[in-house]
K.L.:
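Below: one structure in structure tokens.
Letters A, B, ... mirror the listed sequences (proteins, then strands); counts begin at 1.
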Amino acid sequence: MNTPEIIKKIQSSFKKITLDENHPDRIISSTTEWEELSKFLRNDYELFFDSMMCITGIDEGIDSNNLGVVYNLHSMKYKHKIEVYIPVDKKNPTIFSVEKIWRMADWFEREIYDMYGIIFDGHSDLRRILLPEDWEGFPLRKDYEFPKTWHGIIVDKIKEGWE
Amino acid sequence: MGININSQNLNNNSDEEMVLNIGPQHPSTHGVLRLKTITDGEIIKKITPYIGYLHRCFEKHCENLTYEQAIPFVDRCDYIGSMNNEFGYAIAVEKLMDIQVPEKVEYIRVIVAEMNRIASHLLAVGVFGLDVGAVTPFVYCFRDRERILDLFEMLCGARLLYNYIWIGGVSHDFPVGWVEKTYEFLDYFEPKIIETNDLLTYNKIFIERTADVGVIPPEVAISYGVTGPNLRGSGINWDLRKNEPYSIYDKFDFDIPIGMGAMGTVGDCWDRYYVRIRELEESLKIVRQALDQMPRDGDVYESMPKKIRPKSGHIYSRTESPRGDLGFYIESDGSAIPSRLKLRSPAFTALSCIDEISKGWMLADMLTILGSLDIVLGEIDR
Amino acid sequence: MVDFYIDLFSSVDFIKPYQSSIFIISVVLSGIPIFGFMAVNALVAVYVERKVSAFMQDRLGPMGHGVGLHAGKWGVLQTLADAIKLLTKEDIIPKSADKKLFLLAPCIIFIGSFVAFAGFPFNEFLVAADFNLGLFYILAMSSVGVIGIILAGYSSNNKWSLYGSMRSAAQIVSYEIPAALSLLPIVMLSGSLAFKDIVLAQTGSTLGILPNWFIFDNPFMIVAFWLFFIAGVAEVNRTPFDLPEAESELVAGWMTEYSGMRWAFFFLAEYANMFIVAGVATIGFLGGWLSPIPGFFEGNIWGVFWLVSKTSFLIFVMMWFRWTFPRLRTDQLMRMCWKFFLPGSFFVIIGVGLWDLLMR
Amino acid sequence: MNYFLAIFDTISTLITGMSVTLSHMLKIRKGNVTLQYPVERWPRPERNIGFNEESYNVIRSRLTVDMDDCIGCLKCERACPVDCIKIETHKVEKGEDLADANHTGITSNGTPKRLLVTRFDIDMSECCYCNLCTYPCPEECIFMVGGPNSNRHEIDYEFSEYDRNDMVYRFSKVPPDILQNYVQKKEISEKAS
């Protein structure tokens with residue numbers, strides 16, 4: 001099944017899916033719909049996206065108040081791929097966690113929470129994975145400014161006679 | 001320093017359980033990794049890996065570097081297979097800017113990437129022998145690996161972190177005599193694999209230690225996103241070079257070794273190890289064919305863009321690195337600096353499934369499983 | 001040598017009134033050469049181990065081209081440098097370690113192997129204390145070391161050494177039995193426990209060229225030799241049974257917290273144990289101080305030479321094992337001991353008995 | 001029955017393994033790979049590049065700058081991914097030699113210089129040896145020593161120091177007092193504008 005057929009099939013049962021004009025293989029859905037969509041993508045015998053390729057967090061820029069999560073899905077059986085983009089607004093960045101469906105999402109979602117602060121509800125233990133547990137702020141956001149010190153250690157590099 | 005009483009220990013205070021920190025500094029964690037294991041005697045009940053000790057803010061850096069300046073940083077993610085990293089990154093950016101690289105550069109890249117795969121698998125095999133206790137195969141594998149590193153040093157000056165494959169081409173052509181030296185290496189290396197087989201692969205103690213240990217069932221592997229030799233060890237015939245051929249891999253004939261459960265069940269440590277050994281032979285075949293078919297003349301700078309400013313948009317492309325499929329998600333907003341660069345690292349997913357696989361095994365087996373997954377902490381922590 | 005010194009001193013008259021001190025002096029006098037031999041054996045064995053492991057791994061091992069201090073022509077002074085380093089290194093005692101036991105452990109281990117040397121004959125006359133049940137004595141003494149290992153593991157208050165000592169305790173205790181049982185055929189053939197009689201029973205040669213050592217006596221003895229040798233390797237914690245100090249898992253097992261001179265005692269004891277196991281195997285099966293070519297090179301000095309050369313060949317085989325084989329897991333180790341070594345040694349005892357019955 | 005088969009199989013595989021190590025031990029003369037470091041140096045693979053641009057070197061060792069050719073274009077500073085190069089320049093008459101600031105007006109390729117490079121520091125402790133700075137340089141004056149450039153500067157890859165600040169190489173040849181009056185001249189001109 002090539003991508004247009006997949007998109008037609010998804011759109012038939014999910015009305016609120018929109019498409020991106022210059023990126024054919026990307027569908028954009030919303031946080032409310034993502035729970036049924038992910039189950040549908042996983043369990044539908046014709047689509048059967050059983051392997052998740054990658055989950056990426058996006059910050060759309062300082063001016064737009066939108067974060068985003070990109071899911072790249074792939075089916076081992078039919079060898080076809082799809083990319084789902086879900087905008088998440090910065091005020092309350094929560095989204096359904098697909099950790100129960102694809103076990104790989106466990107660590108990827110923890111990393112996105114660590115870097116962007118998007119809370120995945122339903123995740124078994126959502127805590128920081130790469131940064132120390134008590135680090136404040138979410139580094140990969142565009143409006144992130146570096147903390148001066150962390151536990152008394154000066155963060156930015158001081159080199160006398162260099163600047 | 002009594003047993004560190006933390007909340008977990010108190011509530012299920014059955015006295016056999018002991019919290020053991022296979023701490024950030026341990027001889028066989030393949031890098032800086034802390035495994036907090038709850039063990040009952042030697043049997044392991046639960047493992048919670050703590051990573052992030054080698055986190056160098058790769059993705060934050062790449063948001064302030066131009067596309068060609070990011071190459072030395074991409075090298076340093078998986079510092080054992082850095083040529084394959086560059087290859088994956090270059091393909092992703094070239095797809096974004098839809099540049100078509102000349103024939104000769106494709107051949108150079110395949111040769112160099114496959115040589116790097118041999119070097120990386122040699123390290124994986126040698127260190128796995130070390131985890132199981134055999135010291136000599138480790139030294140033999142590193143002796144052969146040195147010869148590859150010498151070839152790379154002659155090619156681009158560096159032994160491990162090359163900055164050789166650029167966007168749109170390679171930094172310069174093969175030096176004189178490099179091709180003959182590579183042929184010489186291929187002939188030298190052929191019998192060496194048989195020697196490692198005699199010494200380690202069919203050794204009864206080695207088989208006793210690795211067969212039926214840490215079995216990853218296929219559906220668990222797929223759902224955890226495990227890829228590469230670990231996935232092929234579980235019997236799934238999935239190799240990006242064959243199933244989603246990128247660059248010119250469709251010009252070479254090589255087969256994909258998958259785990260057959262020759263010495264135990266399908267998907268045990270021995271299978272993953274044996275898949276890597278067979279992949280050494282496959283890569284040798286590819287390099288030999290590529291060296292024969294490579295056009296000797298042709299310029300490598302032809303399609304190298306002066307200014308790298310991809311049109312705004314995004315791309316997700318993945319290539320087969322020695323540890324699995326290495327994905328690059330690049331989002332560009334038209335300027336010379338990427339607005340988002342995500343590296344999907346195969347070792348990251350391989351490590352995430354260690355808790356499920358090594359339940360109920362003993363401490364020594366758990367380290368064997370960790371060794372057979374062949375993780376690199378630089379790539380996990382980015 | 002002890003009774004030799006006692007007769008010597010009791011004949012000298014001005015010492016006669018201090019009758020009780022004669023025994024102590026003679027014991028001390030015969031102990032010093034043993035300590036000297038143990039130190040020399042450790043020095044040589046460490047150097048040989050480095051060189052053997054280097055050659056097996058295509059490298060040269062310690063060579064003499066160090067900057068500054070010149071480590072001898074082929075790195076010969078390397079072990080001397082190690083000894084000096086261990087002497088001058090600071091002995092760290094972990095703060096929360098159980099201090100008294102921590103200090104006691106190396107002494108017990110060292111005494112274990114030191115005392116086992118007392119019964120070990122280098123020659124017909126050259127033996128510290130001549131017992132008529134030498135074999136039984138050495139087996140008993142070599143299991144004293146286990147207490148030291150458990151003490152070391154427990155007292156360093158570190159989970160890894162606890163693991164290491166528990167594993168080694170299980171391993172050494174369980175491999176004592178097949179080792180002892182596979183020595184029984186020698187006693188059956190030679191009829192006595194004393195080393196002198198065992199070696200005397202092996203003199204002479206059949207058909208002129210084959211010296212009738214016990215190993216060539218009948219096929220079961222070859223199996224007994226291998227059983228004893230491998231059980232001995234397991235007793236000394238060397239690969240493929242070096243589980244207690246498995247580098248890749250337990251960092252260094254029960255030796256982790258020790259450093260400096262205390263660690264040197266463990267090292268000394270390990271190589272001494274290796275020498276004892278190889279020595280007992282030579283005396284029991286390979287004809288002790290008898291020369292492989294019957295008739296030639298006999299005599300006391302030659303006897304010591306033959307014994308030491310056969311033992312060092314067996315030590316070389318132990319080193320050969322170490323640099324070739326991976327490590328066994330604890331439960332496989334135990335399964336092999338109880339399922340393969342024990343029935344094997346019973347089978348060998350029955351076999352030698354029947355062979356003795358039918359052939360003689 | 002397979003009990004004995006397993007024993008036989010164990011012994012045969014162990015023996016083959018031991019034969020491999022013994023063969024390596026006996027053939028040590030031929031197979032030895034050790035290098036006595038202070039006496040035998042690491043053989044640098046020879047480097048005739050074989051294509052015409054002789055200047056593109058492939059060696060990765062210490063960076064050095066040929067100050068007579070440097071025109072202060074800051075291309076290498078921009079190309080460096082880890083910002084370990086710092087350059088400060090002052091405007092001077094085009095192509096005119098300034099003896100006191102030992103500044104030559106014309107570079108070896110004949111291009112006149114407009115800027116006096118008063119500060120050119122490379123912090124070698126931060127350099128990641130990626131060689132990205134040598135390619136954009138129009139005068140090829142920044143290069144890694146040795147390899148094809150050994151006629152200009154012999155090989156040096158053993159440049160460790162005791163103090164980290166000694167790893168900062170200062171290439172600018174302008175003596176400090178001359179430097180002072182250029183800085184004042186600059187401030188005066190800035191106040192004026």
Side-chain angles (χ1 to χ4, degrees), chain B residues 1-4 18-23 25-30 37 39 41-43 126-144 146 192 195 198-201 203-213 269 273 361-368 370-371, chain C residues 49-50 52-61 94-98 156-164 166-167 170 230 234 237-253 256-257 319-336 339-340:
Chain B
M1 193 204 83
I3 295 180
N4 55 3
M18 179 167 92
V19 176
L20 184 70
N21 263 326
I22 300 179
Q25 222 218 352
H26 184 269
S28 67
T29 47
H30 297 268
T37 49
T39 64
E42 291 247 0
I43 314 287
V127 170
F128 185 53
L130 209 61
D131 283 348
V132 166
V135 181
T136 324
F138 170 76
V139 182
Y140 291 165
C141 289
F142 262 65
R143 179 202 59 209
D144 302 338
E146 277 308 308
K192 289 293 183 268
E195 183 191 66
D198 290 351
L199 190 60
L200 197 59
T201 317
N203 187 322
K204 191 74 174 67
I205 300 176
F206 181 75
I207 292 170
E208 191 82 23
R209 272 296 298 278
T210 49
D212 302 334
V213 170
C269 288
Y273 164 81
W361 288 102
M362 303 183 67
L363 184 65
D365 296 330
M366 195 273 291
L367 289 164
T368 319
L370 195 67
Chain C
E49 170 122 44
R50 284 170 185 260
V52 158
S53 76
F55 288 161
M56 282 192 183
Q57 293 170 353
D58 279 355
R59 37 188 188 85
L60 284 186
K95 184 161 59 63
S96 58
D98 187 334
S156 21
N157 201 333
N158 153 359
K159 290 177 188 156
W160 300 101
S161 12
L162 204 63
Y163 264 115
M166 288 310 136
R167 283 186 184 178
I230 296 176
N237 292 349
R238 281 191 68 89
T239 310
F241 308 98
D242 69 342
L243 237 32
E245 14 95 12
E247 298 80 22
S248 70
E249 292 137 31
L250 304 181
V251 185
T256 336
E257 299 300 338
M319 291 178 188
W320 193 3
F321 281 169
R322 174 164 187 191
W323 301 106
T324 328
F325 296 140
R327 197 177 295 117
L328 274 175
R329 209 179 41 200
T330 353
D331 59 326
Q332 288 162 350
L333 192 82
M334 290 305 144
R335 188 159 13 101
M336 215 173 117
K339 286 222 176 82
F340 169 66

K.L.:
State the CH2-CG distance between C:Trp323 and B:Leu199, to the nearest 0.5 angstrom.
P.N.:
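So the gap between those two atoms works out to 13.0 Å.
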K.L.:
Name the option with the most non-hydrogen atom pairs under 4.5 Å to chain C; the candidates are B:Thr368, B:Thr136, B:Asn203.
P.N.:
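Top count of heavy-atom pairs under 4.5 Å with chain C: B:Thr136.
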K.L.:
Could you give the distance from CZ (C:Arg167) to CG (B:Leu363), rounded to the nearest 0.5 Å?
P.N.:
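Interatomic distance, C:Arg167 CZ to B:Leu363 CG, rounded to 0.5 Å: 6.0 Å.
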K.L.:
Given a strict heavy-atom distance threshold of 4.5 Å, which part of B:Thr39 is in contact with chain C: side chain, backbone, both, or neither?
P.N.:
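Side chain only.
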K.L.:
Using 0.5 Å steps for rounding, measure from the CD atom of B:Glu42 to the CE atom of C:Met166.
P.N.:
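Interatomic distance, B:Glu42 CD to C:Met166 CE, rounded to 0.5 Å: 11.5 Å.
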K.L.:
Does B:Glu208 come within less than 4.0 Å of C:Arg335, counting only side-chain N to carboxylate O?
P.N.:
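Answer for the salt bridge query: yes.
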K.L.:
Restricting to non-hydrogen atoms, name the atom on C:Trp160 and the atom on B:Asn21 that form the minimum distance, rounded to 0.1 Å.
P.N.:
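That closest heavy-atom pairing would be CZ2-O, 3.5 Å.
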K.L.:
Within this structure, what is the CD-CZ distance for the pair C:Gln57 and B:Phe142, rounded to the nearest 0.5 Å?
P.N.:
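Answer rounded to 0.5 Å: 12.5 Å.
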K.L.:
Relative to chain C, which segment of B:Val213 carries a heavy atom at a distance below 4.5 Å: side chain, backbone, both, or neither?
P.N.:
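Only the side chain of B:Val213 comes within 4.5 Å of chain C.
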K.L.:
Would you confirm whether B:Arg209, through its side chain, and C:Arg327, through its main-chain N or O, come within 3.5 Å as a donor-acceptor pair?
P.N.:
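Pair found, side chain donor or acceptor close to backbone of C:Arg327.
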K.L.:
Which region of C:Thr330, side chain (C-beta onward) or backbone (N, CA, C, O), has a non-hydrogen atom less than 4.5 Å from a non-hydrogen atom of chain B, or is it both or neither?
P.N.:
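For C:Thr330, the side chain is the part near chain B, not the backbone.
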K.L.:
Would you give the length of the straight line joining atom CG of C:Asp331 to atom CG of B:Asp365, rounded to the nearest 0.5 angstrom?
P.N.:
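Reported to 0.5 Å precision, the distance equals 7.5 Å.
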K.L.:
Kindly indicate whether the side chain of B:Val132, heavy atoms from C-beta on, has any atom under 4.5 Å from the side chain of C:Phe325.
P.N.:
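Counting from C-beta outward, B:Val132 and C:Phe325 never come under 4.5 Å.
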K.L.:
Quick one: what part of B:Tyr140 sits under 4.5 Å from any heavy atom of chain C, side chain, backbone, both or neither?
P.N.:
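For B:Tyr140, the contact with chain C is made by the side chain alone.
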K.L.:
Distance from B:Ile205 atom CD1 to C:Gln332 atom CD, nearest 0.5 Å?
P.N.:
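The CD1 atom of B:Ile205 sits 9.0 Å away from the CD atom of C:Gln332.
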K.L.:
If you compare all heavy atoms of B:Gly41 against all heavy atoms of C:Tyr163, which two are closest, and at what distance to 0.1 Å?
P.N.:
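Nearest pair, atom of B:Gly41 first, then C:Tyr163: O-OH, 2.5 Å.
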